[in-house]
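Whatever order the structure lists ligands and atoms in, that order sets their numbers, starting from 1. Every heavy atom of this structure was used, including side-chain atoms; hydrogens, water molecules and symmetry mates were not. Heads up: numbering here begins at 1 and tracks the sequence.
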Amino acid sequence: MFEELRDLYQEVIFDHNRNPRNFRIIDPSDRKVDGFNPLCGDRLTLFLKMDGDVIVDASFQGSGCAISTASVSLMTEIIKGKTLTEAETLFKQFHEMTTGKEEHIDLEAMGKLAVLAGVREYPARVKCATLAWHTLDAALKNAAASVSTE
Ligand code: ZN
């Protein structure tokens, strides 16, 4: 990764950590799931408002490290207006980007989410970045009211 690109990515993460987007409660919400990463102590509650198959609003509450906060902040921005299927595809792509063995990843297709690709180099931080997405995955499947990365 080029030096300038890395700086740019860090700036986006700092910005989303300092000013998290969609940091609020949706009440009433259609989906509400708690996520917890015991390795780092990151906690969040994800709220979704649905219109049929479309995520019309997404928000979160909770507290965690800079990576987990930036990740969930970016995620709530990006999934708005997406269908369940589109969001599920994004989850898979994000998972592949942060944990996959694949050397070549189409970062352009990931848009802003690409700022978190660097966590691949820090295995201890991967769960901080993926917590939001595992919580989303549970919310999409409507399976569980709480998720733990362990
Ligand atoms: Zn963390």
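Residues passing the ring pair (Phe, Tyr, Trp, His ring centres under 6.0 Å) test with Phe36: none are found, sequence neighbours excluded. Evaluation of the ring pair (Phe, Tyr, Trp, His ring centres under 6.0 Å) rule for Tyr122 yields no partner, not counting sequence neighbours.
Here 5 is the count of protein N, O or S atoms positioned under 2.8 Å from the Zn ion (ligand 1), waters not counted.
None of Leu46, Leu131, Leu116 except one satisfies the side chain to side chain contact (heavy atoms under 4.5 Å, CB included) rule with Met75; the exception is Leu46.
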Donor-acceptor contacts under 3.5 Å from residues 38-45 side chains, at least two apart:
unit_1: Asp42; atom_1: OD1; unit_2: Cys65; atom_2: N; d: 2.9
unit_1: Asp42; atom_1: OD1; unit_2: Ser68; atom_2: OG; d: 3.4
unit_1: Asp42; atom_1: OD2; unit_2: Asn37; atom_2: ND2; d: 3.0
unit_1: Thr45; atom_1: OG1; unit_2: Asp34; atom_2: OD1; d: 2.7

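Residues Phe60 and Phe47 keep their aromatic ring centres 6.0 Å or farther apart.
Between Asp27 and Lys32, no side-chain nitrogen of the basic residue sits less than 4.0 Å from a carboxylate oxygen of the acidic one, so the salt-bridge criterion is not met.
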